[in-house]
Number of protein chains: 2
Amino acid sequence: MSDNFAIRTSWLAGELASAVGVSTDTLRHYERKGVLPRPSRTANGYRRYPEGSLERVLLVRRALSVGFTLDQLAAILRERDNGGAPCRQVRELAGAKLLDVEEQLKALTAMKDELAGLVAEWDRLLAETPMDEPAGLLHGMSLETRSTKNGSAKLPLSQMSRKRKSQK
Amino acid sequence: MSDNFAIRTSWLAGELASAVGVSTDTLRHYERKGVLPRPSRTANGYRRYPEGSLERVLLVRRALSVGFTLDQLAAILRERDNGGAPCRQVRELAGAKLLDVEEQLKALTAMKDELAGLVAEWDRLLAETPMDEPAGLLHGMSLETRSTKNGSAKLPLSQMSRKRKSQK
DNA sequence: CTAAACTATGGAATCGATTCCAGTGTCAAG
DNA sequence: CTTGACACTGGAATCGATTCCATAGTTTAG
């Protein structure tokens, strides 16, 4: 096999896709949305993704996983790509996102602890509960539905409040 | 106001909805999806949610916030409602969710660094660049860190890959 | 020459939670 | 009786990321 990914200096769509674990459709979508620069083409019209593409796509994936939107990401990455100073709005966006991420980090850490504790507790209960007993595991979920004003993307807890469409 | 929620023994749709902070549409949706048992009706056809409904809905909200899906939840709760002990399933799902959370934490940390670096770099650039270019890119980009507006909320990075419809 | 395995394209479909819509019924107050 | 605030219904829309589709050109192996 020639899937010597690490040493690649350019990628064909399928190679890059399988290297990062997404579909070529997804790569094409990213390109459409502007988070991936349009790659040059080989003689036959195939995309030839440049060297750093793997890292780039992984970056996008990370960003998405923490709640970025492709559009937001596109704005930021485009600015970054042309190297110069970003316009204020994009700088603001990045700053807001940074705060957001930091907040998520806290919330998620708390969540991890709670969840871990919960699971541990459950395992204890399950061990001593006959299989026919309710044991009501879900009732033990002590996660507060604190209406955290909201603000973070993937943090379910914060997103759970109301969000009016017209109210903004 | 008669929002004497705590002492209610039965609820009208709107009452319950505002008590838990969701819309009646959402309650109806939950019913459709099977996470809320279909309530009895008053003479005029209005839903009369039974006593424990507030807790039930809060439970659903909590579970959603931890990453459960309405469908997963429906399966579990239906089981439980007619006497079963779905605890093992719950334990399993929670365990999976915990793994997701841990992975998410990694992504968040990486993202924080990435973003912080970028912002720092930009601020450096901005500081030494005369503001000659307004550069009003970003047409309608809301600075609002608009969280998961809805739907497709948190994609656990682990299962962010492709998901076959038929292959489950 | 042909089949398999790539590549390409634009547009449509899918998924999940929630919301919106339009039409209708019910009830209490004025 | 009318008005307003509720309630009811099924279905459609929304949003974002991803996938699927149908169609078509290229390359490589047999």
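A note on names: the letters A, B, ... follow the listed sequences, proteins ahead of strands, and every chain is numbered from 1. Being a predicted model, the structure only gives us computed values, none of them experimental.
- For the pair A:Y30 and D:dA17, the criterion of a side-chain N or O lying under 4.0 Å from OP1 or OP2 is not met.
- An OP1 or OP2 oxygen of C:dT18 is reached within less than 4.0 angstrom by a side-chain nitrogen or oxygen of B:R61.
- Between C:dA17 and B:T69, a contact under 4.0 Å exists linking OP1 or OP2 to a side-chain N or O.
- Considering only the side chain of A:N44, D:dT26 comes nearest among D:dT18, D:dC21, D:dT26.
- Contacts of A:R41 with the nucleic acid, taken as non-hydrogen atoms under 4.0 Å apart, involve only primed sugar atoms and P, OP1 or OP2.
- Contact check, B:S23 against C:dT19: a side-chain N or O comes under 4.0 Å of OP1 or OP2.
- At distances below 3.5 Å, at least one donor-acceptor pair connects side-chain atoms of A:K97 with backbone N or O atoms of A:G67.
- The interatomic distance linking A:Y49 (OH) with C:dA8 (C1') rounds to 11 Å, in whole Å.
- Atom CG of B:L12 is separated from atom P of C:dC27 by 11 Å (rounded to the nearest Å).
- Protein atom CD of A:E31 is 14 Å distant from nucleotide atom P of C:dT7, rounded to whole Å.
- In this structure, the CG atom of A:L64 is 18 Å from the P atom of D:dC15, given to the nearest Å.
- When the side-chain nitrogen and oxygen atoms of B:T26 are compared with OP1 and OP2 of C:dT19, one or more of them lie within a distance under 4.0 Å.
- Residue whose closest nucleotide on DNA chain C sits further toward the 5' end, between B:D71 and B:Y46: B:D71.
- At distances below 3.5 Å, at least one donor-acceptor pair connects side-chain atoms of B:R56 with backbone N or O atoms of B:V35.
- The pair A:R28-A:D25 counts as a salt bridge, with a side-chain nitrogen and a carboxylate oxygen less than 4.0 angstrom apart.
- Where A:R32 and B:R32 each meet DNA chain D at their nearest nucleotide, the meeting point lying more 5' is that of B:R32.
- Projected onto DNA chain D by closest heavy-atom contact, B:G45 and A:L70 fall at different nucleotides, the more 5' of which corresponds to B:G45.
- Side-chain proximity of B:H29 to D:dA7, C:dT7, C:dT18: nearest is C:dT18.
- Between B:E103 and B:K106, no side-chain nitrogen of the basic residue sits less than 4.0 Å from a carboxylate oxygen of the acidic one, so the salt-bridge criterion is not met.
- When the nucleotides C:dA17, C:dC20, D:dA17 are ranked by their closest atom to the side chain of B:D25, C:dC20 comes out on top.
- Between the CZ atom of A:R48 and the P atom of D:dT27 there is a distance of 14 Å, rounded to whole Å.
- For B:K33 and B:R28, each mapped to the nucleotide of DNA chain C holding its nearest heavy atom, the one lying further toward the 5' end belongs to B:K33.
- Put simply, CH2 on A:W11 is 13 Å from P on C:dT7, counting in whole angstrom units.
- Within the model, atoms CG of A:L59 and CG of A:L64 stand 9.5 Å from one another, a figure rounded to the nearest 0.5 Å.
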